[in-house]
Amino acid sequence: MVSEILIDGRPARADDLSHFVLSNYGAFTSMQVEDGGVRGLDLHLARLEAEAVELFGVAVPEALLRQRMRQALDGRAGRFSLRINLFSEAISLRSPDAIVQPRVLTTLSPPASALTKPLRLKTQIYAREVPHLKHAATLGLTRARRLAAQAGFDDALFVDAGGRISEGSIWNIGFIRGDALVWPEAPMLGGTGQGLLQRGATDAGWSSATRPIHLSELADFDAAFICNSATPSCAVAAIDDHSFSTSDALIVRLNDLWRSNPCQTI
């Protein structure tokens, strides 16, 4: 359920939304708000700046982004999901060359529920277009999840033709070997949830590494998990026909790493 959609701080009207609905040229970030603060807010702001510069040629000033977020919250306390989209009517398929500061669309919704049930993942040879951006072209992601569900799995894990693992449909994947976190190195989106776990691991003295991981190596790991801005960590029960041990204690430890990052005030 969507509570409210604003464009540039004002309630969105049908005319305002027409270009947004008809064009998927744009990018976004989604975050969980806790009483006016967000864990990893700096990561979300850095993402929005990079997206704006690459896609529109002009960044939205951080002070303005924060203002738009506060306008979306409108003084409400509690927990919410807040999504910020960047788009511009000045850029279209027929007129793609404008350099313009994008407009800011905010969507405020009830908080997202974290995934808790261990997931069974189906690998698919797939890579998102411009994978380092969290862009609005999500047809491939929806189709990937649909195909995984039709095959009897919970979600899709993306690999390249050589079996190198990258990311999932709307999350990052990590692996555990002993007391070490291991993250895939591949063209992919650097997630904010992943960033929070990496920070927490560093502060807690955990070992954390990023390197290419291939499907042929799955048996070398003790466990696997997924994470995003709404799910600190959720165990992976299987990737294709390879099963992993799922430990509640491990997920508690990972969640603690994530929560060790304090909320940053919007």
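Values below: all heavy atoms of this structure, side chains included; hydrogens, waters and symmetry mates excluded.
- Within the 4.5 Å cutoff, the side chain of Arg211 has heavy atoms near those of the Ile213 side chain.
- With hydrogens and angles ignored, the 3.5 Å screen pairs no side-chain donor or acceptor of Asp240 with any backbone N or O of His242.
- Without hydrogens or angle criteria, Ser18 side chain to Asp15 main chain gives a donor-acceptor distance under 3.5 Å.
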| said: Apply side chain to side chain contact (heavy atoms under 4.5 Å, CB included) to residues Val58 and Val53 and explain how you reach the verdict. | reply: CA-CA 5 Å; Val58 181; Val53 170; over 6 Å; no
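- Side-chain atoms of Thr106 and Gln71 include no donor-acceptor pair closer than 3.5 Å.
- In terms of hydrophobic clustering, with Ile, Leu, Val, Met, Phe, Trp and Tyr side chains grouped at heavy-atom distances under 4.5 Å, Ile226 and Leu250 are assigned to different clusters.
- If you take CD on Glu49 and CD on Glu54, they are separated by 12.5 Å, rounding to the nearest 0.5 Å.
- Leu139 and Tyr126 are members of different hydrophobic clusters when ILVMFWY side chains are connected at heavy-atom separations under 4.5 Å.
- Residues Val104 and Leu64 form no side-chain contact, since every pair of their non-hydrogen atoms from C-beta on lies 4.5 Å or further apart.
- Enclosure of atom CZ in Arg76 by more than 12 non-hydrogen atoms of other residues, nucleotides or ligands within 6.0 angstrom is indicated.
- Judged by distance alone, with hydrogens and angles left aside, the side-chain atoms of Asn228 form no donor-acceptor pair with the main-chain N or O of Gly193 at under 3.5 Å.
- Taking the side chain as every heavy atom from C-beta outward, Cys234 and Thr116 never approach each other to under 4.5 Å.
- Under a 3.5 Å cut-off, the side chain of His44 and the backbone N or O of Met31 do not form any donor-acceptor pair.
- For Arg39 (side chain) and Asn261 (main-chain N/O), a donor-acceptor pair under 3.5 Å exists by modelled atom type.
- Checking Asn85 against Arg83 by side-chain atom types alone, a donor-acceptor pair falls below 3.5 Å.
- For Asp74, the CG atom is densely surrounded, since the number of other residues' heavy atoms within 6.0 Å is greater than 12.
- The shortest distance between side-chain heavy atoms of His132 and Pro187 does not fall below 4.5 Å.
- Across Arg199, Arg47, Arg66, a single residue satisfies salt bridge (Lys or Arg N to Asp or Glu O under 4.0 Å) together with Asp42, and that is Arg199.
- Residues Ser229 and Thr192 approach most closely at CB-OG1, 3.6 Å, considering heavy atoms.
- Counting all heavy atoms, side chain and backbone alike, Leu181 lies closest to Leu197 at CD1-O, 4.5 Å.
- For Arg164 and Glu217, the salt-bridge test fails: no basic side-chain N is under 4.0 Å from an acidic carboxylate O.
- Considering all non-hydrogen atoms of both residues, Ala148 and Ala156 come closest at CB-N, 3.9 Å.
- No path of Ile, Leu, Val, Met, Phe, Trp and Tyr side chains, each step under 4.5 Å between heavy atoms, connects Ile266 with Leu6, placing them in separate hydrophobic clusters.
- Two rings, from Tyr25 and Phe56, have their centers less than 6.0 Å apart.
- Across Val130, Leu133, Leu86, a single residue satisfies side-chain contact (heavy atoms from CB on, under 4.5 Å) together with Leu55, and that is Leu133.
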| task | Evaluate the criterion side chain to side chain contact (heavy atoms under 4.5 Å, CB included) for residue pair Met188 and Arg128; output intermediate values, then yes/no. | result | CA-CA 8 Å; Met188 57 189 284; Arg128 294 185 306 110; 5.9 Å; no
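- Interatomic distance, Leu141 CG to Ile170 CD1, rounded to the nearest 0.5 Å: 8.5 Å.
- Distance check, rounded to the nearest 0.5 Å: CD1 of Ile239 to CD1 of Ile165 gives 5.0 Å.
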Expected list for residues 89-102: side-chain donor-acceptor pairs under 3.5 angstrom, two or more places apart:
{"from": "Glu89", "atom 1": "OE2", "to": "Arg103", "atom 2": "NH1", "distance (Å)": "2.6"}
{"from": "Ser92", "atom 1": "OG", "to": "Arg94", "atom 2": "N", "distance (Å)": "3.4"}
{"from": "Ser92", "atom 1": "OG", "to": "Ser95", "atom 2": "N", "distance (Å)": "3.1"}

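- Residue Leu121 holds its CG atom at 10.5 Å from CZ of Phe158, rounded to the nearest 0.5 Å.
- Among all heavy-atom pairs drawn from Leu257 and Ser260, the shortest one is O-OG, 2.5 Å.
- Atom-to-atom distance recorded for His135:NE2 and Glu129:CD is 6.0 Å, nearest 0.5 angstrom.
- At least one side-chain heavy atom of Leu45 sits less than 4.5 Å from a side-chain heavy atom of Leu65.
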| field | side chain to side chain contact (heavy atoms under 4.5 Å, CB included) between Val159 and Gln124, worked out | value | CA-CA 6 Å; Val159 300; Gln124 296 182 26; over 6 Å; no
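- Between Trp206 and Leu254, the closest heavy-atom pair is CZ3-CD2, 4.1 Å.
- Once rounded to the nearest 0.5 Å, the distance linking CG of Leu115 with CG of Asp155 reads 8.0 Å.
- Without hydrogens or angle criteria, Arg259 side chain to Asp256 main chain gives no donor-acceptor distance under 3.5 Å.
- No continuous path of ILVMFWY side-chain contacts below 4.5 Å connects Val60 to Phe28, so the two sit in separate hydrophobic clusters.
- When the shell of 6.0 Å around CG of Asp160 is examined, it contains more than 12 heavy atoms from other residues, nucleotides or ligands.
- Inter-residue side-chain proximity for Gln32 and Val38 is flagged as unmet; no heavy-atom pair is nearer than 4.5 Å.
- The pair Asp16-Arg13 counts as a salt bridge, with a side-chain nitrogen and a carboxylate oxygen less than 4.0 angstrom apart.
- Of the charged side-chain nitrogens involved, none lies within less than 4.0 Å of a carboxylate oxygen, so that Arg177 and Asp222 do not count as a salt-bridged pair.
- Residues Leu73 and Gly36 share a closest heavy-atom pair of CD1-CA, 4.5 Å.
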| task | May I have the step-by-step check of side chain to side chain contact (heavy atoms under 4.5 Å, CB included) for Asp220 and Phe175, ending in yes or no? | result | CA-CA 10 Å; Asp220 297 338; Phe175 296 87; over 6 Å; no
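- With contacts defined as side-chain heavy-atom distances shorter than 4.5 Å, the pair Phe225/Ile173 does not qualify.
- Not a single donor-acceptor pair under 3.5 Å links the side chain of Ser169 to the backbone N or O of Arg145.
- No single ILVMFWY cluster, assembled from side-chain heavy atoms under 4.5 Å apart, contains both Val33 and Leu43.
- Pro184 has its side chain out of reach of Ser166: every pair of non-hydrogen atoms, C-beta onward, lies at least 4.5 Å apart.
- Arg70 and Gln67 share no side-chain donor-acceptor pair at under 3.5 Å.
- Distance alone, capped at 3.5 Å, places no donor-acceptor pair between the Asn172 side chain and the Gln194 backbone.
- Counted by atom type alone, Ser208 and Trp183 present one or more donor-acceptor pairs between their side chains at under 3.5 Å.
- Between the side chain of Glu4 and the backbone N or O of Thr107 there is no donor-acceptor pair closer than 3.5 Å.
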